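Encoded as structure tokens, the structure appears first; notes follow it.
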Amino acid sequence: MSGELRAVLFAYDGSDLAKHAIEVAGRELVTGREAVVLTVWRTFNVGFIPVQGREFDAAASNEVREAAEETAAHGASLAEAAGFHAQSMAVNAAPAWKGIADAANEREAGLIVLGSHGKRGLATVFAGSVAGEVAAHSPRAVLIIHKHA
């Protein structure tokens, strides 16, 4: 694939920061590029913000999956508006960073884009950083967008 731009994989959880990451990437990357917008989900601790406050039973995997698919589709529409040719994808994975890294490998993405809340100190030790874990474990290039990028 020499000279050919591979797809961008956006890790999208429905947060304002994830929306911001798509916007920044749209300004900084080549327009018209293929993109996959991924929402990682799991039952109980769902891991994403549903579209328009959609309510669902967090214990019912089919409801969580449907809400995650809607969230990913919303992210794909944002990526389209930012200049990408986007498709959506939702995967059930824990931990989230592994689901992101695995999806990027599966899709042979050239770049993973995700937002980081910039947690420092004990917050990172106890809560972890999905962005940091993806960067540490994925062989793919990773673009981490911070709150005020």
Side-chain angles (χ1 to χ4, degrees), residues 1 5-26 28-29 31-119 123-147 149:
M1 291 189 134
L5 290 174
R6 291 183 293 161
V8 175
L9 184 131
F10 290 101
Y12 184 75
D13 64 1
S15 68
D16 287 341
L17 184 56
K19 293 172 188 171
H20 179 67
I22 291 172
E23 292 167 6
V24 170
E28 301 297 331
L29 299 175
T31 58
R33 195 167 178 175
E34 295 296 319
V36 175
V37 179
L38 172 71
T39 299
V40 176
W41 65 274
R42 57 200 168 280
T43 53
F44 299 105
N45 183 12
V46 297
F48 65 92
I49 300 168
V51 176
Q52 298 176 350
R54 182 185 196 275
E55 293 186 19
F56 57 91
D57 179 356
S61 63
N62 63 326
E63 290 186 38
V64 178
R65 179 186 42 76
E66 288 173 9
E69 288 170 351
E70 287 176 7
T71 298
H74 180 258
S77 69
L78 295 175
E80 287 278 341
F84 297 92
H85 297 292
Q87 59 181 289
S88 61
M89 178 181 180
V91 297
N92 180 359
W97 70 262
K98 186 163 180 4
I100 295 165
D102 289 349
N105 289 339
E106 232 174 70
R107 296 296 179 111
E108 297 183 359
L111 178 67
I112 301 169
V113 176
L114 66 170
S116 173
H117 294 279
K119 294 177 184 170
T124 301
V125 172
F126 292 116
S129 164
V130 172
E133 293 296 320
V134 169
H137 293 96
S138 177
R140 309 279 170 193
V142 178
L143 175 59
I144 299 173
I145 307 296
H146 297 280
K147 285 182 184 179

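This chain uses plain numbering: 1 for the first residue, then up along the sequence. Everything numeric here is computed off the predicted structure, so don't read it as measured data.
K19 pairs by the side chain to side chain donor-acceptor pair (under 3.5 Å) definition with nothing, not counting sequence neighbours. For S61, there are no side chain to side chain donor-acceptor pair (under 3.5 Å) partners two or more places apart in sequence or in a different chain. Judged as a salt bridge (Lys or Arg N to Asp or Glu O under 4.0 Å), and not counting sequence neighbours, E63 has no contacts. Partners of F10 according to the ring-ring contact (aromatic ring centres under 6.0 Å, His included) rule, which considers only residues two or more places apart in sequence or in another chain, are F84.
To the nearest 0.5 Å, the span separating CG on L5 from CD on E34 amounts to 10.5 Å. With rounding to the nearest 0.5 Å, the separation of CD in E80 from CG in L78 is 10.5 Å. To the nearest 0.5 Å, atom NE2 of residue H20 and atom NZ of residue K147 are 11.0 Å apart. Separation of atoms NE2 (H74) and CZ (F48) is listed at 13.5 Å; rounding is to 0.5 Å. Taking CD from E23 and CD1 from I145, the interatomic distance works out to 11.0 Å, rounded to the nearest 0.5 Å. For the atom pair CD1 of I49 and CG of D16, the computed distance is 7.0 Å after rounding to the nearest 0.5 Å.
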Inset, instruction - Output, in order, the C-alpha distance, side-chain angles, deciding distance and verdict of side chain to side chain contact (heavy atoms under 4.5 Å, CB included) for R54 and E70. - result: CA-CA 9 Å; R54 182 185 196 275; E70 287 176 7; 2.8 Å; yes
Inset, instruction - Show your working on salt bridge (charged side-chain N to carboxylate O under 4.0 Å, His left out) between R6 and E108 and close with a plain yes or no. - result: CA-CA 7 Å; R6 291 183 293 161; E108 297 183 359; 6.0 Å; no
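Contact detail for G99 and V40: the closest heavy-atom pair is C-CG2, 4.5 Å. In terms of heavy atoms, V113 sits closest to A25 at CG1-CB, 4.3 Å. Between V46 and A58, the shortest heavy-atom contact is CG1-CB, 4.1 Å. Of all non-hydrogen atoms in A11 and I100, the two that sit nearest each other are CB-CD1, 3.6 Å. Between G115 and A21 the shortest heavy-atom distance is N-CB, 4.0 Å. Between V37 and Y12, the shortest heavy-atom contact is CG1-CB, 3.4 Å.
Between T71 and D13 the shortest side-chain heavy-atom distance does not fall below 4.5 Å. When side chains are defined from C-beta on, L143 does not count as touching I112, because their heavy atoms never get closer than 4.5 Å. Counting only heavy atoms from C-beta outward, the side chains of W41 and R65 approach each other to under 4.5 Å. Between V8 and L29 the shortest side-chain heavy-atom distance falls below 4.5 Å.
Listed by first then second residue, pairs satisfying side-chain hydrogen bond (donor to acceptor under 3.5 Å, both in side chains) with a partner in residues 92-107 read Q87-R107, K98-D102, N105-R140, not counting sequence neighbours. Screening residues 43-52 for side-chain hydrogen bond (donor to acceptor under 3.5 Å, both in side chains), with sequence neighbours left out, gives no hits.
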